[in-house]
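To start, the structure itself, in structure tokens.
If you're wondering where the values come from, they're calculated on a predicted model, not measured in any experiment.
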Amino acid sequence: MKGFVLRKPALALACALGALALAAPAAADVVVGVADDRGKLADDGGAALLAGMRDVGLTENRVTVAWDPDRPTTIREKDALDRYVANATAAGIRVTMVIAPSRARALFGSTAATGQFVRFVADVARAYPQVKDIAVGNEPNQPRFWQPQFSSSGVGLACSSYQRVLAQAYDALKAVDSSITVIGVSLSPRGNDNALAATNASTSPVRCIKDLGLSYRASGRKRPIMDELAFHPHPNSNTDSFLVGYRWPNAGTSNLGRIKQAIWDAFHGTAQPVFAETGRPVSRAALPPLRVRLNEIGWQVAVPESSMHAYYGRESVPRLSEERAQADTYAGLIPYYACDASVRSMLYYGLVDEPDLDRWQAGLMRADGTRRPSYGAVKSALARGLAKCNRRPVAWRHSTVVVGASAKFGERRRSARDTNWTFVASSEEASLSSAAMYRLKGRRLSAKGRKQLLAAVGVKRTPKPVFTARGKVRAHLGTFVRFKRKRLAPGYYVFAIRLRAEMNPTRTTALVGKPFAVGTPSARTK
């Protein structure tokens, strides 16, 4: 996301939205709404924004509440927030709050500041008892919102430190009202995992979740830290379809399985629930399964010349067609997620554009209050009941193997003078490799012998390998596995490798190649 606090809309926008007719929101299996602060900031107490939401059929609005460490007990914009929450509740719009520090380093190294922030979160919950959905923190895997991301030696710090804050906030919120849904993380879809990056040294979502789990397990905690997970699946490029995701370890709209797997790797077997799987418990405490809120979805698009009078500044990213790049995508996402029971809600990032062109223009409406094609597309999709599942529900099962593991062993007869023993291993996620080269007694490898090698490689000393090698396999990139450069006696040999997922070494895949000849084997080995 470009920024945490959204700015006050122009008066013309309020007038345009206020003219919209109120309509009953469509019932939905997946809740559809917006993340937009304009109602909170508007002079009309949000009446225009709420009218627009109801006209489209949107039923949830996420608003931000910033914690100022210089005024740790003050709820900023409280009068405006009081009025908006009351108006939204009366209009049947469910309000979700995300509470986060206003400065990225506000909680760094300070138990006192953390305590103040947690008390503030509880105070907000007490001030707004009608708000039952509260998110703690925002995009801790991005330096814009949480610092430091890494230690001086390059070790990830952000998500482990965030976990400790989230755990305390969870307990504080449940003490206020046990029915509050505590929403965690609000993950950014991307991170470079590079402590030495020239700009935006950040943590990928998959590695952030791993760090959350490591910190949680190390704490010995016996309670959850969140009831739901928030994720911001913005596209890698505005030109991408919602079916185009990211490469591991980042994740987008089409990569929810990757997020679910990361949660399972990090938390399975603990008191923190993971995502539901058919016939499997999700936590030791038999709590409800974790669900996900996609509470920032946004494809930025161009502004037509007729509406440019309502904007200022300069564009910072390329803008695309309002109809093809946004309307089709926004409408298509509704049935796409409707059959995934783990998806609690999807929120478009802004009902209305921000007027500063350097910020966010992904709304269903332009800054002058005119409707984009996406306004009608989303309204139509909801009116047709596409938020209800009308096909086979999405089924997800955690993986016990390395995702996309493969090897190109390059089996061929080798010269007796050959000393270059290599092959290429690949996987769709980062993995650790234990490879071996075995000499066979004959030219063939029986099914029993293959099974024996699959069980032995990287684990057992017998059968004894000729060579071994350990290393790392990069995600999506073939990695050469190299053994010692040495001549071998003529005979038949075979390569084997065991890959272990870097995020969870208990997930393994073993692969064995085909036998190949070195030199001219003697009759005895044939």
Checklist line | Which residues share a ring pair (Phe, Tyr, Trp, His ring centres under 6.0 Å) with F150, sequence neighbours left out | finding: none

Notebook entry, point to check: Is W264 close to N504 at the side-chain level, that is, under 4.5 Å between some pair of heavy atoms?
Noted result: yes

Notebook entry, point to check: Are any non-hydrogen side-chain atoms of E60 and N295 less than 4.5 angstrom apart?
Noted result: no

Margin query: Looking at every heavy atom in both S434 and V457, which two are closest together, and how far apart are they?
Written below: O-CG2, 3.6 Å

Next item on the list: Decide yes or no on side chain to side chain donor-acceptor pair (under 3.5 Å) for S399 and Q261, but give the supporting numbers first.
Entry: CA-CA 7 Å; S399 177; Q261 180 67 50; 4.7 Å; no

Check: Restricting to pairs with a member in residues 504-513, which pass salt bridge (Lys or Arg N to Asp or Glu O under 4.0 Å), not counting sequence neighbours?
Finding: D265-R507, E429-R507

Next item on the list: State whether the side chain of R450 and the backbone N or O of V512 hold a donor-acceptor pair below 3.5 Å, judged by distance alone.
Entry: yes

Check: How would you list, by chain and number, every residue that makes a ring pair (Phe, Tyr, Trp, His ring centres under 6.0 Å) with F409, sequence neighbours excluded?
Finding: F423

Next item on the list: Answer yes or no: is there a donor N or O on one side and an acceptor on the other, between the side chain of S237 and the main chain of T239, under 3.5 Å?
Entry: yes

Next item on the list: Look at the side chain of R413 and the backbone N and O of G519, then say whether any donor-acceptor pair between them is shorter than 3.5 Å.
Entry: yes

Check: Taking only residues two or more places apart in sequence or in another chain, which ones pass ring pair (Phe, Tyr, Trp, His ring centres under 6.0 Å) with Y438?
Finding: none

Next item on the list: Given side chain to side chain contact (heavy atoms under 4.5 Å, CB included), test N192 with R190 step by step and report yes or no.
Entry: CA-CA 7 Å; N192 52 38; R190 61 179 73 87; over 6 Å; no

Next item on the list: Apply the test side chain to side chain contact (heavy atoms under 4.5 Å, CB included) to residues N236 and N250: give CA-CA distance (whole Å), side-chain angles for both, the deciding distance (0.1 Å), then the verdict.
Entry: CA-CA 9 Å; N236 193 31; N250 294 323; over 6 Å; no

Note to self: So W248 and H476, do their side chains get closer than 4.5 Å, heavy atoms only?
What the structure shows: yes

Notebook entry, point to check: Is R291 reaching over with its side chain to a backbone N or O of A341, donor-acceptor style, under 3.5 angstrom?
Noted result: yes

Next item on the list: Show your reasoning for whether side chain to side chain contact (heavy atoms under 4.5 Å, CB included) applies to N141 and L187.
Entry: CA-CA 7 Å; N141 57 324; L187 271 171; 3.9 Å; yes

Notebook entry, point to check: Does N61 reach the main-chain N or O of V34 with its side chain, forming a donor-acceptor pair under 3.5 Å?
Noted result: yes

Checklist line | Residue list, salt bridge (charged side-chain N to carboxylate O under 4.0 Å, His left out) with D133, at least two apart or on another chain | finding: R94, R293

Notebook entry, point to check: Would you say Y336's side chain and L243's backbone share a donor-acceptor pair under 3.5 angstrom?
Noted result: no

Note to self: Donor-acceptor pair, distance only, cut-off 3.5 Å: does the side chain of S110 make one with the backbone of L107?
What the structure shows: no

Next item on the list: Enumerate the residue pairs fulfilling salt bridge (Lys or Arg N to Asp or Glu O under 4.0 Å) with a member in residues 229-258, sequence neighbours excluded, ordered by first and then second residue.
Entry: none

Next item on the list: Of all the heavy-atom pairs spanning T253 and L256, show the shortest one and how long it is.
Entry: O-CG, 4.3 Å

Notebook entry, point to check: Once you round to the nearest 0.5 Å, how far does CD of E296 lie from OG of S188?
Noted result: 9.0 Å

Notebook entry, point to check: Are any non-hydrogen side-chain atoms of I259 and V292 less than 4.5 angstrom apart?
Noted result: no

Checklist line | Pairs touching residues 186-225 that satisfy ring pair (Phe, Tyr, Trp, His ring centres under 6.0 Å), sequence neighbours left out | finding: Y216-F267

Margin query: Between R344 and T181, is there a side-chain heavy-atom distance shorter than 4.5 Å?
Written below: no

Margin query: Determine whether a donor-acceptor pair (N or O, by modelled atom type, separation under 3.5 Å) exists between the side chain of Q142 and the backbone of A201.
Written below: no

Checklist line | Gap between atom NZ of K408 and atom OG of S426 - 0.5 Å precision | finding: 6.5 Å

Item checked: T509 side chain to L499 backbone, donor-acceptor under 3.5 Å -> no

Check: Would you call P273 and P289 a side-chain contact if the rule is heavy atoms closer than 4.5 Å?
Finding: no

Check: Where do P205 and A251 come nearest, in terms of heavy atoms and distance?
Finding: CG-N, 3.9 Å

Item checked: Pairs where residues 477-503 contributes a residue and the test salt bridge (Lys or Arg N to Asp or Glu O under 4.0 Å) is met, not counting sequence neighbours -> R207-E502

Next item on the list: Please collect all salt bridge (Lys or Arg N to Asp or Glu O under 4.0 Å) contacts where either partner lies in residues 160-181, sequence neighbours excluded, each pair once.
Entry: K132-D177, D171-R221, D171-R223, K174-D227

Check: Between S374 and Q326, is any side-chain donor less than 3.5 angstrom from a side-chain acceptor?
Finding: yes

Margin query: Give me the atom names and distance for the closest heavy-atom approach of G191 to S202.
Written below: CA-OG, 3.3 Å

Checklist line | Lys/Arg-Asp/Glu bridge criterion (N-O < 4.0 Å) met for R397, E277 | finding: yes

Next item on the list: Scan for ring pair (Phe, Tyr, Trp, His ring centres under 6.0 Å) pairs involving residues 155-213, sequence neighbours excluded, and state none if there are none.
Entry: W146-Y162

Check: Where is the tightest heavy-atom contact between V518 and S415, given as atom of each residue plus distance?
Finding: CG1-O, 4.0 Å

Check: Mind checking what makes salt bridge (charged side-chain N to carboxylate O under 4.0 Å, His left out) contact with R105, not counting sequence neighbours?
Finding: none

Next item on the list: Show your reasoning for whether side chain to side chain contact (heavy atoms under 4.5 Å, CB included) applies to H232 and S186.
Entry: CA-CA 6 Å; H232 301 166; S186 296; 3.6 Å; yes

Check: Would you say the side chain of D340 lies within less than 4.5 Å of the side chain of F275, judging by non-hydrogen atoms?
Finding: no

Notebook entry, point to check: Is the backbone N or O of D211 less than 3.5 Å from a side-chain atom of Q163, with the two atoms forming a donor-acceptor pair by type?
Noted result: no

Next item on the list: To the nearest 0.5 Å, tell me how far W360 CH2 sits from H234 NE2.
Entry: 4.5 Å

Check: What residues, two or more places apart in sequence or in another chain, satisfy salt bridge (charged side-chain N to carboxylate O under 4.0 Å, His left out) together with K210?
Finding: none

Check: How close do S345 and V30 get, heavy atom to heavy atom, and via which atoms?
Finding: CA-CG2, 4.2 Å

Checklist line | Distance, nearest 0.5 Å, that separates CG of L386 from CG of D29 | finding: 11.5 Å

Item checked: Single hit among W421, F467, F516 for side-chain contact (heavy atoms from CB on, under 4.5 Å) with Y493 -> F516

Next item on the list: Using a 4.5 Å cut-off on heavy atoms from C-beta on, say whether the side chain of P189 contacts that of F231.
Entry: yes

Notebook entry, point to check: Once you round to the nearest 0.5 Å, how far does OH of Y349 lie from CD1 of I297?
Noted result: 13.0 Å

Check: In Å, rounded to the nearest 0.5 Å, how long is the span from CD1 of I334 to CG of L382?
Finding: 4.0 Å

